[in-house]
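In what follows, chains are A, B, ... by sequence order, proteins preceding strands, each numbered from 1.
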Amino acid sequence: MTDQTPALRLEGIVKTFPGVRALDDVSFAVLPGEVHALMGENGAGKSTLMKVLGGIHQPDTGQIFIAEQPTVMTSPLQAKAQGVVFIHQELSLADELSVAENIFLGELPRKSLGRVDWQALYDTTDAILKTLNVGFDARTRVGDLSIANQQMVEIARALTVDPRAVIFDEPTASLTDAEKVVLFDVIADLKGRGVGIIYISHRMEEIFKITDRISVLRDGQYRGTLETAQTDEDEVTQLMIGRSLDLSRNASHHEMGDVAIEVRDLSCGKLYQDVSFSVRRGEVVGFYGLVGAGRTEIAETIFGLRNPSAGSILLDGQEVRINSPVEAIRHGISLVPEDRKGQGLVLSMNCRDNMTLPQVDDLTAGPFVSDGAEVAIFDQYRDKLDIRTPGWRQLVGNLSGGNQQKIVIGKWLSMHPSVLIVDEPTRGIDVGSKSEIHNLIRGLAAQGYAVIVISSEMPEVLHVSDRIVAMYHGRVMREFTSEEVSEDSLIQAISGIESDQVA
Amino acid sequence: MKREALLKQGAIWAFILVELVFFSVAGEYLSVSDKAFMDFDNMLLLLKQSAPIGIIALGMTIIMINGNIDLSVGATFALSAIVLLDSMTWPFMQALGGWSVPLAWLLALGTGVVLGAINGLIVWKTGVDAFIVTLGSMLGYRGLVFMYNGEQPTSHLNWDLVDFAEAQILGLHTATWFLLGVALFLWLLMTKTVHGRNAYAIGNNREAAVNAGIRVGPHFLINFMLIGFLASLSAVVFYSESGSVNPNDGMLYELWAITAVVLGGTKLTGGYGSIISTLGGVIAIQLLRKGLGHIGADTETVNLVIGLILIAVLFLDRQLNRKGKEELKT
């Protein structure tokens with residue numbers, strides 16, 4: 001492959017922002033027909049590099065080559081005209097418009113007098129969709145499609161030009177396993193057509209499944225390129241964070257306490273049915289399943305955001321009715337939500353105010369909130385959780401994902417809950433901070449908290465849980481202890497395959 | 001970050017300074033009167049004239065920080081004024097003698113609180129957007145104003161009240177004291193109390209606030225009652241002096257109030273904003289009006305210029321913000 005002309009090559013790219021050297025002499029090349037992974041922790045410079053490629057930022061020095069022709073990128077549209085196309089993690093589609101209109105948005109085929117040539121539009125679109133082998137047509141309203149199919153629309157949009165290089169930014173973040181398979185087929189197909197592919201992801205299993213080479217960035221610097229076939233996760237991780245990540249099984253060795261929370265035959269309409277489980281103090285119970293299996297909905301029910309249609313929740317053996325988060329919090333239940341920025345944090349507020357938000361009522365002196373009491377709580381949990389921030393006045397939106405997550409966790413710990421539910425604890429968090437969050441969760445269990453962890457990442461669930469509840473289509477398929485669980489049996493359970501051991 | 005915040009908070013005051021300098025200099029050449037623009041009495045008067053819309057704008061700030069809007073304040077203002085003036089002519093009130101004045105005040109203020117509570121309850125219990133709810137109540141409350149006395153003005157002059165309204169304590173007019181007092185109260189409320197903290201949180205991220213166990217509805221209700229109270233307080237202060245209310249009075253006040261709030265840097269989307277900056281916005285608008293009048297512009301020109309400046313200021317703000325964000329994303 002080495003004697004080929006690279007589809008896309010970057011040479012000596014430097015980009016500085018006031019106070020930060022975001023990209024420091026980055027060079028790498030993507031060959032035609034190659035899937036090239038770009039990895040690095042959050043803040044390593046991946047997104048800046050992509051913005052340079054897309055012409056949103058201009059590099060201070062360095063050069064971009066397309067098929068060895070030096071090229072200056074000025075905008076994503078111009079990059080697309082040069083054959084460099086982006087498939088972003090966050091989809092940017094107009095829900096109310098048809099698939100065809102979305103694909104040709106801004107460049108609809110015209111007839112005389114500025115009229116849209118609908119026939120040509122639908123025909124070309126259907127031709128492109130046919131190559132992607134998707135189950136919808138040009139006239140479908142985009143809002144009616146699943147996330148995975150919407151992503152296909154984005155990919156189809158990339159194919160309206162003859163792309164030389166396609167950049168996928170965390171494309172599987174919100175896909176189910178079955179949908180991933182379809183996506184990987186499409187990537188393989190693009191690869192077969194000689195397109196160079198840059199694949200950005202945090203997920204090691206995918207990287208090793210579909211990529212040919214892996215380039216790693218750390219702190220804005222290019223750290224090297226590895227042949228995927230000749231390396232392993234450890235080597236990549238070390239390159240990314242400078243050390244290796246511990247993801248071994250990790251059953252608790254400490255004594256477990258009484259059952260803190262028990263759920264009996266809980267149902268919520270069509271979302272989930274007859275769910276029963278219990279969590280003891282000092283125990284971490286992992287919920288594993290595909291997106292849409294009903295895990296988050298169970299957490300929301302326990303936290304009072306949804307009303308169950310049947311079943312009961314018992315705290316310390318007492319049946320309780322929880323109708324709102326206010327009541328859940330009063331019962332000592334805390335929820336670290338899945339979408340940190342959308343559901344967990346008030347981004348316009350500083351770190352301290354976010355942390356004390358649920359209990360600010362109790363931190364008053366006369367009619368006013370007591371500054372001192374708030375700062376005391378913040379300091380305590382900043383030290384306890386090792387939150388790295390210049391000070392409590394820092395806006396929480398300026399922190400890294402890992403530190404933001406610690407703020408949310410600290411917010412609940414400072415309320416001294418008995419049950420802590422953590423939904424996707426490390427989503428969008430870089431590898432280094434991931435293990436910190438994992439250790440934190442293990443540590444909380446050791447201190448006697450009953451912890452429920454919901455995760456879509458198998459290594460994570462295996463790593464942190466004492467027991468694992470496997471869910472499929474709103475039902476609990478099986479419960480595993482950490483000694484008996486195997487990856488195979490877990491995958492079978494969440495794919496709805498009944499095994500003999502099902503209770 | 002801190003420097004940036006200071007810059008944003010300071011911008012409106014810098015703008016006021018520019019206005020003062022400009023009108024003083026331009027006044028030298030263009031003014032028809034030979035009094036200086038920065039005349040002390042003129043400035044005191046300016047503060048007094050800022051009060052009616054200013055008091056409402058301060059209330060609008062907390063509503064907008066909370067993520068809502070209230071379009072019914074102008075109608076509430078008019079209806080409270082009618083209650084104030086008309087109630088003093090009721091036979092049983094007149095029988096009370098000197099007590100009729102404070103009672104009329106209470107009735108008028110109570111009217112504002114009730115009208116605000118109606119808005120707040122509807123927004124809370126139905127979940128309909130505050131824009132729609134208060135658009136409806138704006139029309140509805142204005143309808144009540146016209147039902148009361150048709151097209152006729154409602155008048156009653158009470159000389160005790162006039163004396164009170166025209167008094168100057170420590171140099172400042174009564175209305176100015178009310179404006180400053182309300183500003184101080186709301187500033188404390190928004191920056192130092194739990195209610196203020198939660199209002200910001202709800203305005204910026206309602207879902208996160210709910211997840212933190214904050215009850216959204218009661219905060220909405222309190223804020224709508226507060227702005228209703230302030231709309232009627234504004235009316236009470238103003239009509240104590242003028243003694244006559246036309247059914248069209250207070251129209252467009254909601255838009256002037258929103259203009260002042262936005263000029264002060266509060267975001268329409270909620271979660272951001274400052275009481276003190278709104279005070280700056282109120283003074284800036286009044287300065288523009290007075291200043292343009294001073295150099296001989298007519299009312300139509302004044303509105304045109306204020307409109308242009310509002311758009312220009314928001315455009316600048318957007319440019320500055322975008323730059324800040326881009327740097328953050330590195």
Side-chain angles (χ1 to χ4, degrees), chain A residues 15-23 43 45 47-48 51 56-57 220 300 303-305 324-330 334-337 339-350 353-354 356-364 366-369 371 390 393-395 397-398 408 411-412 415, chain B residues 1-6 8-9 64-67 124 184-219 222 265-274 321-330:
Chain A
K15 177 70 190 172
T16 52
F17 294 101
V20 201
R21 207 169 167 82
L23 291 176
S47 17
T48 312
K51 282 183 183 160
I56 296 166
H57 292 324
E300 287 173 348
F303 194 60
L305 288 165
S324 68
V326 182
E327 290 176 31
I329 293 166
R330 201 180 302 134
S334 295
L335 172 67
V336 176
D339 176 4
R340 193 166 48 247
K341 289 183 180 172
Q343 304 169 316
L345 292 168
V346 181
L347 292 175
S348 64
M349 280 187 171
N350 64 42
D353 292 2
N354 264 288
T356 56
L357 198 57
Q359 56 174 325
V360 69
D361 294 33
D362 304 323
L363 301 176
T364 49
F368 300 135
V369 178
D371 244 27
R393 288 186 180 82
Q394 184 70 21
L395 289 186
N398 294 346
V408 181
K411 171 167 88 176
W412 292 120
M415 303 282 291
Chain B
M1 202 59 232
K2 247 187 127 186
R3 196 175 45 123
E4 197 178 295
L6 206 69
K8 285 197 84 171
Q9 299 254 321
M64 284 170 62
I65 286 171
N66 207 187
W124 174 7
L184 178 68
F185 171 76
L186 290 184
W187 177 76
L188 285 171
L189 181 77
M190 294 311 278
T191 57
K192 306 282 177 200
T193 71
V194 174
H195 173 70
R197 176 77 58 84
N198 288 350
Y200 275 101
I202 293 166
N204 183 252
N205 189 342
R206 187 167 168 175
E207 210 175 336
V210 169
N211 283 337
I214 295 171
R215 288 172 199 272
V216 171
H219 289 292
I222 289 172
T266 297
K267 292 212 168 98
L268 281 166
T269 45
Y272 296 87
S274 126
N321 274 335
R322 210 161 48 175
K323 217 171 176 185
K325 271 216 178 110
E326 205 146 280
E327 280 171 18
L328 283 178
K329 273 193 177 166
T330 53

Is it the backbone or the side chain of B:Tyr272 that comes under 4.5 Å from a heavy atom of chain A, or both, or neither?
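Just the side chain, heavy atoms under 4.5 Å.
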Under 4.5 Å from any heavy atom of chain B, what part of [X] do you find: side chain, backbone, both or neither?
X: A:Ser348; value: both
X: A:Ile329; value: side chain
X: A:Leu305; value: side chain

So, applying side chain to side chain contact (heavy atoms under 4.5 Å, CB included) with B:Val194, which one of A:Asp362, A:Leu363, A:Asp361 is it?
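Exactly one candidate clears the test, A:Asp361.
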Which heavy atom of [X] sits nearest a heavy atom of [Y], and at what distance?
X: A:Val326; Y: B:Arg215; value: CG1-NH2, 3.6 Å
X: B:Asn198; Y: A:Leu357; value: OD1-CD1, 4.1 Å
X: B:Ala212; Y: A:Lys411; value: CB-NZ, 4.5 Å
X: B:Thr193; Y: A:Pro367; value: CG2-O, 3.6 Å

I'd like to know if the side chain of B:Asn204 and the backbone of A:Met349 have a donor-acceptor N/O pair within less than 3.5 Å.
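Side chain of B:Asn204 to backbone of A:Met349: no pair is present.
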Would a distance-only check, ignoring hydrogens and angles, find a side-chain to backbone donor-acceptor pair under 3.5 Å from A:Asp353 to B:Arg197?
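No: the side chain of A:Asp353 does not pair with the backbone of B:Arg197.
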Residues two or more places apart in sequence or in another chain: which of them pass side-chain hydrogen bond (donor to acceptor under 3.5 Å, both in side chains) with B:Asn211?
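B:Asn211: no side-chain hydrogen bond (donor to acceptor under 3.5 Å, both in side chains) contacts found.
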What do the steps show when you test A:Phe368 against B:Leu188 for side-chain contact (heavy atoms from CB on, under 4.5 Å), and what is the final call?
CA-CA 8 Å; A:Phe368 300 135; B:Leu188 285 171; 4.0 Å; yes
In Å and rounded to the nearest 0.5 Å, what is the CG to NZ distance from B:Asn205 to A:Lys341?
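Going from the CG atom of B:Asn205 to the NZ atom of A:Lys341 covers 12.0 Å.
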Which one, A:Gly397, A:Ala328, A:Pro325, leads in non-hydrogen pairs under 4.5 Å with chain B?
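Going by pairs under 4.5 Å, I would pick A:Pro325.
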